[in-house]
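Input: a single structure, listed below in structure tokens.
Just so we're on the same page: letters track the sequence lines, and every chain starts at 1. The structure presented is a predicted model; accordingly, all values stated were derived computationally and were not measured.
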2 protein chains.
Amino acid sequence: MHDERTMPEDDGGGEPQADRTAVEDSLASHLERQLEHLVLSGELAPGERLNEIHLAARFGTSRGPLREALRMLHAKGFVTTVRNRGMYVRAIGREEALEIYDVRAAIFGLAGRILTDKVTDDLLEHLYLALGEMDTLAAARDFDAYYRANLGFHEFLLTSTGNSSLVAQYHSLVDKLHLCRARSLVQAGGLSVSNREHREMVESLASGDKFRAQEAFFRHVERAKMRFGSTAG
Amino acid sequence: MHDERTMPEDDGGGEPQADRTAVEDSLASHLERQLEHLVLSGELAPGERLNEIHLAARFGTSRGPLREALRMLHAKGFVTTVRNRGMYVRAIGREEALEIYDVRAAIFGLAGRILTDKVTDDLLEHLYLALGEMDTLAAARDFDAYYRANLGFHEFLLTSTGNSSLVAQYHSLVDKLHLCRARSLVQAGGLSVSNREHREMVESLASGDKFRAQEAFFRHVERAKMRFGSTAG
DNA sequence: CCGTATTTGTCCGTATGTATG
DNA sequence: ACATACATACGGACAAATACG
């Protein structure tokens, strides 16, 4: 609430929470990341109204850059716009979420297909190592650590393809799934189950059969879709 | 109807080409589509600098909505931004274009996979009909008509999946490929070649084998990638 | 090092549209 | 149905930072 904007000199203790230390990108881009984080973390819930003035005050900026940030989120599909009504956090329904899972599966399948032509001993060693770690974490029921390891495992596979467009598209789809109200964070259900799938993926890579790899990667996501569909249905 | 925006008074001869008749969406969204069209048509070439003031004057608007439009294009990946330098039409290099082709192939492959579970007699009849038309157009060397028929053929396949996310992602990727300076518009080379691939796609759908269909669709895009890679390489 | 041009961000005024009492 | 309050949409002007010659 009190403003204390960019007045010629003042400053010294204002800016409610605009701690943009290393200013390197535009304010609008900065706000976009902030907002995207709030949306993805659920602090701004799907369907929630986004009031320009309130948000601008919250970030200690004017409405100009904030509107630009919201437009970017709109273009990325995180926000819906109603003319003369305002912007709302996008709410994704069950059907659309299932559709997105399919696209994500196809892209992840492509990752498997590409990787079969890029497998090296180092890569396989790294993957088997990660598999072992996840097995022990699963056995220890350390859900949090398993979750992080699982994330790193997938990230490593994606980036190893060397296809940055693939990685970007995949992340974009994963993010969009966070906009589903009834999203099931159940990585609890599948755990050793999930890791069996991981092992099949790695072994398919080791076999050098690109069709098998593509299908193994594809089905891994499809099974996540199944788990989502059964819980959120 | 005609615009005559909120001008207090002045004005009298502006609005070079701001014919936005049925105003239903925001001015920013309108400008975004205009700019996107200019970019995709090549009138704004990849790498070209985008001057806010000039563009605002060109469209007869103020900087606010124009900047919002540019931010949307930035979020969509059609424009790059350099802080305090300005925005430029994104220029996609050969390597990135090849990457995008792969992602596009995967998504199109998914379309084939999905369609095998949705084939009806009507659908197959429609496809075989389109195949015949394209054959005659190819025999007549009517490139332009073939191009349009080809577009409609692919569009029909995509939308028939019923997966709107898939359609949107596919279109987004196709659009991005237009940002490649050395893009080869050679649909001239493959024509009856291309239609042989189309026939294989339809027949794979008719066979009901989803793996075969997925692969046929996938390879159709991959061959387009090859043709692109050999001409632009 | 200086002058200019451009971007960036802010602020204000007004019109328009929506919601509410 | 009318009046009021509020929010968005757009335009214009200004100040500051930076890039470039």
Side-chain angles (χ1 to χ4, degrees), chain A residues 2-11 14-16 18-35 48-74 79-89, chain B residues 1-16 18-20 22-35 48-74 79-89:
Chain A
H2 74 288
D3 215 343
E4 210 91 342
R5 234 185 293 298
T6 152
M7 294 311 178
E9 29 214 277
D10 99 273
D11 185 61
E15 280 92 318
D19 44 294
R20 183 170 52 134
T21 47
V23 183
E24 192 47 57
D25 56 356
S26 72
L27 180 53
S29 298
H30 179 73
L31 291 175
E32 187 217 344
R33 274 197 301 278
Q34 298 272 318
L35 286 169
E48 186 169 339
R49 169 83 170 284
L50 297 171
N51 184 307
E52 291 183 4
I53 301 179
H54 293 166
L55 286 176
R58 172 172 180 173
F59 291 110
T61 69
S62 66
R63 285 172 44 206
L66 185 96
R67 280 178 61 88
E68 292 179 12
L70 289 176
R71 292 292 190 192
M72 286 194 269
L73 290 176
H74 172 71
V79 154
T80 61
T81 308
V82 183
R83 157 118 181 162
N84 292 323
R85 281 286 306 270
M87 320 255 283
Y88 302 81
V89 179
Chain B
M1 338 265 152
H2 74 283
D3 211 343
E4 211 83 343
R5 233 183 300 297
T6 151
M7 296 305 178
E9 27 213 285
D10 105 278
D11 186 55
E15 279 92 320
D19 44 297
R20 182 171 53 132
V23 181
E24 193 46 57
D25 57 354
S26 71
L27 179 53
S29 297
H30 178 73
L31 291 175
E32 187 217 346
R33 274 197 301 276
Q34 297 273 320
L35 287 168
E48 187 170 339
R49 170 84 169 284
L50 298 171
N51 185 309
E52 293 183 3
I53 301 179
H54 293 167
L55 286 176
R58 173 172 182 174
F59 290 110
T61 70
S62 66
R63 282 175 40 222
L66 184 97
R67 281 180 60 87
E68 292 179 14
L70 289 176
R71 290 294 189 190
M72 286 194 269
L73 290 176
H74 172 72
V79 154
T80 61
T81 309
V82 182
R83 156 115 182 163
N84 291 324
R85 283 285 307 267
M87 321 253 284
Y88 302 80
V89 179

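Between Leu70(A) and Leu50(A) the shortest heavy-atom distance is CD2-CD1, 4.0 Å.
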Taking only nitrogen or oxygen atoms into account, show me every contact under 3.5 Å that the protein makes with nucleotides 4-7 of chain C, one pair per line with its distance.
from: dT6(C); atom 1: O3'; to: Arg49(B); atom 2: NH2; distance (Å): 3.4
from: dT7(C); atom 1: OP1; to: Glu52(B); atom 2: N; distance (Å): 3.3

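Distance CD (Glu68(A)) to P (dT8(D)): 16 Å, rounded to an integer number of Å. Taking atom CG of residue Leu27(A) and atom C1' of nucleotide dA17(D), one finds them 14 Å apart after rounding to whole Å. At whole-Å resolution of the value, CG in Leu31(A) and C1' in dT8(C) are 13 Å apart. Atoms CG (Leu70(B)) and P (dG9(C)) sit 14 Å apart, rounded to a whole Å. Between the CG atom of Leu66(B) and the P atom of dG12(D) there is a distance of 13 Å, given to the nearest Å.
The line from CZ of Arg63(A) to CG of Asn51(A) is 9.0 Å long, rounded to the nearest 0.5 Å. Note that CE of Met72(A) and OG of Ser29(A) are 4.0 Å apart. Values are rounded to the nearest 0.5 Å.
The backbone N or O of Asp25(B) lies less than 3.5 Å from a partner atom in the side chain of Arg83(A), making a donor-acceptor pair. For the pair His74(B) (side chain) and Thr80(B) (backbone), a donor-acceptor distance under 3.5 Å is absent.
For the residue pair Ser26(A) / Arg71(B), a side-chain donor-acceptor distance below 3.5 Å is found, with atom types taken as modelled.
The partner of dA5(D), taking Watson-Crick or G-U wobble pairs whose two distances both stay under 3.5 Å, is dT18(C).
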